[in-house]
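What follows is a set of notes on a single structure, which appears directly below.
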Protein chains: 2
Amino acid sequence: MGGVFKALSDPTRREILKLLRDGDKTAGEIAEQFEMSKPAISKHLDILRGAELVSWEKQGQYRMYSINLTVLQGALSEFMNVFEKENGHEK
Amino acid sequence: MGGVFKALSDPTRREILKLLRDGDKTAGEIAEQFEMSKPAISKHLDILRGAELVSWEKQGQYRMYSINLTVLQGALSEFMNVFEKENGHEK
DNA sequence: GTAACGTTTAACCATTTAGTTAACTATATA
DNA sequence: TATATAGTTAACTAAATGGTTAAACGTTAC
């Protein structure tokens, strides 16, 4: 879960996740939305994938990326749980 | 809010927050819980304070740190909201 | 006043991070 | 087969990060 927070610490990566929230996109479509180079975006995607926040599947010569919402929500709500009231966080 | 994720990206800082969840602590009491030096912890505390995740108040020669739960919960739930279903995230 | 304590600040260092350009791999197509 | 397209990998760089030790700053206590 540390990987998730590391992945989320970069604004570009958070922005990529927001883009993917609206639907799957190819690496190129994602890169278009940013001013930086494609290799830079490719590395961000690799970090997101390392944290299992996104996955991709080959579609011809494209890579179609999608967000793993359950991983994102799971990691964040697990962390937030620690700070909830009414919870002696006994475990 | 970017500052919050940056602050949360380090495991030591997340651990500090968990400690403070159980009650306010002085800088020294916090530092005791880790193997690293006091200056290192002091810097982590400064980053947490920069993100407004903690605050402190002078108590004699001590600094008593406390967690700002509302900031933590506010930032995380605002971010998570973006990824909730049933929400066209119209804004 | 001075010595001890609690904590931060300063200066420094090694590693990681986030970007670049160039080269490579794989697919599609003329 | 050759060329264009999509994307990653490699090599490199500047800046940020996270740690160290030493010095400084306040407060407490003798």
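We name chains A, B, ... by the order of the sequence lines, and we start the count at 1 in each one.
- The distance from atom CE of B:Met64 to atom P of C:dG6 is 13 Å, rounded to the nearest whole Å.
- Under a hydrophobic-cluster definition in which Ile, Leu, Val, Met, Phe, Trp and Tyr are linked whenever side-chain heavy atoms come within less than 4.5 Å, directly or via other members, A:Val71 and A:Leu19 are assigned to the same cluster.
- Listed by first and then second residue, the salt bridge (charged side-chain N to carboxylate O under 4.0 Å, His left out) pairs that reach into residues 36-47 of chain B are B:Asp46-B:Arg49, sequence neighbours excluded.
- For B:Ser55, the side-chain contact (heavy atoms from CB on, under 4.5 Å) partners at least two apart in sequence or on another chain are B:Ser66, B:Asn68.
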Quick tally for nucleotides 13-24 of chain C: nucleotides whose base has a protein heavy atom under 4.0 Å get B, sugar-phosphate-only ones S, the rest -, giving ----SBBBBB--
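- Qualifying side-chain contact (heavy atoms from CB on, under 4.5 Å) partners for A:Glu15, counting only residues two or more places apart in sequence or in other chains: A:Lys18, A:Phe34.
- Residues B:Leu8 and A:Leu8 have side chains not in contact (no heavy-atom distance under 4.5 Å, counting atoms from C-beta outward).
- The distance from atom CD1 of B:Ile41 to atom P of D:dT17 is 17 Å, rounded to the nearest whole Å.
- Residues from residues 26-34 of chain A placing a heavy atom under 4.0 Å of any atom in DNA chain C do not occur.
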In B/S/- notation, 5' to 3', how is nucleotides 25-30 of chain D contacted by protein heavy atoms closer than 4.0 Å? -BBS--
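- In this structure, the CG atom of B:Asp46 is 11 Å from the P atom of C:dA10, given to the nearest Å.
- Residues meeting the salt bridge (Lys or Arg N to Asp or Glu O under 4.0 Å) test with A:Asp24, sequence neighbours left out: none.
- A close approach under 4.0 Å does occur between a side-chain nitrogen or oxygen of B:Arg63 and OP1 or OP2 of C:dT8.
- When the P atom of D:dG18 is taken as reference, atom CD of B:Glu15 falls 15 Å away, rounded to whole Å.
- Contacts of B:Arg13 classified as side-chain contact (heavy atoms from CB on, under 4.5 Å), with partners at least two apart in sequence or in another chain: B:Ala7, B:Ser9, B:Asp10, B:His44, B:Ile47, B:Leu48.
- A donor-acceptor pair under 3.5 Å links the side-chain atoms of B:Glu29 to the main chain of B:Thr26, judged by distance alone.
- Looking at residues two or more places apart in sequence or on another chain, you find a ring pair (Phe, Tyr, Trp, His ring centres under 6.0 Å) between B:Phe83 and B:Phe79.
- Using a 4.5 Å cut-off on side-chain heavy atoms (C-beta onward), A:Arg21 and B:Val82 make contact.
- Protein atom CD1 of A:Ile16 is 14 Å distant from nucleotide atom C1' of D:dG7, rounded to whole Å.
- Considering only residues two or more places apart in sequence or on other chains, B:Ser37 meets the side-chain contact (heavy atoms from CB on, under 4.5 Å) condition with B:Pro39, B:Ala40.
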